[in-house]
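In what follows, every chain begins at residue 1, and chains take the letters A, B, ... in the order their sequences are listed.
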Number of protein chains: 2
Amino acid sequence: MKDIKHFLRQNSLRPTKQRVIIANYLFDGINKHVTAETLSNELLKMKAGISLATIYNTLHDFYEKGLLKKLMINSERIYFDTNTEHHHHFYSKKDQKLIDINVDMKVSGLPKPPKNKKINKIEVLVHLDN
Amino acid sequence: MKDIKHFLRQNSLRPTKQRVIIANYLFDGINKHVTAETLSNELLKMKAGISLATIYNTLHDFYEKGLLKKLMINSERIYFDTNTEHHHHFYSKKDQKLIDINVDMKVSGLPKPPKNKKINKIEVLVHLDN
DNA sequence: ATATCAGTTTAGAATGATTCTAATGTATTG
DNA sequence: CAATACATTAGAATCATTCTAAACTGATAT
């Protein structure tokens, strides 16, 4: 991402110091899965003194603007994904780690959705053993 | 379930008053998705004075014995499923409701799992729009 | 039956992720 | 550069869940 400030403005987000730092980290071209906690740790490493409250606010602001996806992986914390394309995941419970599946997969044999309901999207989570 | 006490004993669970009540409710032949909260509400309706702590304990005990499945649906609470067969779900965020998909589905185009990892199971969650 | 003891239940405290509050700070607009 | 709308923050509050430790109960041996 060359011009983060411009990028934030384009998404109706004021380019504050904190948002610039966080956006620079998140949108550096490498897709990431973060939680408030892991992001906080990264920011601590780079000595950006950003409060936890701001980290939560920013993740949600980015999510509201569609810059992040929320993942429903487990009930212990919320995962945010910088890859907002439709895609699937491997999940290793042991490592508490997610890996993107970027190839196209097809699900066949799907039954009709209940009356008056339409399918929005299909998410496949492939659990790994070890 | 005719003999709940026997059923509990078979699963190395002492048939206490509370467990019998909860098992009777959960394993009445109709598959259910419950959270500690929804289960607590049901039990309140039937005036079973069972503490929340016991509800949590019991759900986990049943889970440990493989009588319930844990579902990772959202990050707000833990869902338990009385259907322990491998199956998939429709999920309506709006209704906060899960519907079992009991037909066989196939996922094709799956990439190889990462080195030294083996696929344990594949979970498909079909998000509904409305 | 009864005593014993391991396994259970429970109220209430503790925890941990997240959200809220309200005071202070800062980007934007005119 | 003043005004103001939006952001940040520390710390309190919230909420689901887990823990603690005391009281209780089902199973087993006597």
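- With hydrogens and angles left out, the side-chain atoms of His89(B) and Asp81(B) include a donor and acceptor closer than 3.5 Å.
- Under the 4.5 Å side-chain criterion, counting only non-hydrogen atoms from C-beta, Thr84(A) is not in contact with Leu67(A).
- In the model, Asn83(B) has a side-chain atom that pairs as donor or acceptor with a side-chain atom of Asn102(B) under 3.5 Å.
- In this structure a side-chain-to-backbone donor-acceptor pair under 3.5 Å is missing from Asp95(B) to Lys97(B).
- Atom CD of Glu37(B) is separated from atom C1' of dC15(D) by 10 Å (rounded to the nearest Å).
- Across the interface with DNA chain C, nearest-nucleotide mapping of Arg19(B) and Leu52(B) shows Arg19(B) to be the residue nearer the 5′ end.
- Aromatic rings of Phe27(A) and Phe62(A) (six-membered ring for Trp) have centroids within the 6.0 Å cut-off, being under it.
- Asp100(B) and His33(B) are linked by a side-chain donor-acceptor pair at a separation below 3.5 angstrom, with hydrogens and angles left out of the test.
- Put simply, OH on Tyr56(A) is 15 Å from C1' on dG11(D), counting in whole angstrom units.
- Take His60(A) and apply the ring-ring contact (aromatic ring centres under 6.0 Å, His included) test, not counting sequence neighbours, and it matches Phe80(A).
- When hydrophobic clusters are built by joining Ile, Leu, Val, Met, Phe, Trp and Tyr residues whose side-chain heavy atoms come closer than 4.5 Å, directly or via intermediates, Ile119(A) is grouped together with Val103(B).
- Nucleotide dT8(C) holds its C1' atom 17 Å from the CG atom of Asn11(B), rounded to whole Å.
- A sub-4.0 Å separation between OP1 or OP2 of dT10(C) and a side-chain N or O of Thr54(B) is present.
- In this structure, Gln18(B) atom CD and dG7(C) atom C1' are separated by 12 Å, rounded to whole Å.
- Note: CD1 (Ile50(B)) to P (dT25(D)) measures 14 Å, nearest angstrom.
- One atom, CZ of Phe80(A), and another, C1' of dA17(C), lie 12 Å apart when rounded to the nearest Å.
- Taken residue by residue, residues 39-46 of chain A places no heavy atom nearer than 4.0 Å to DNA chain C.
- The nearest pair of heavy atoms linking Phe90(B) to Pro113(A) is CZ-CA, 3.6 Å.
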For this session: Starting at the 5' end of nucleotides 21-30 of chain C, put B wherever the base has a protein heavy atom under 4.0 Å, S where only the sugar-phosphate does, and a dash everywhere else.
Result: ------BS--
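- Look at OH on Tyr79(B): it is 12 Å from P on dA16(D), rounded to the nearest Å.
- In this structure, CG of Asp61(B) is placed 12 Å from P of dG7(C), rounded to the nearest angstrom.
- For the pair Arg77(A) and dT18(C), the criterion of a side-chain N or O lying under 4.0 Å from OP1 or OP2 is not met.
- Here His60(B) does not reach the OP1 or OP2 of dT17(D): none of its side-chain N or O atoms lies under 4.0 Å away.
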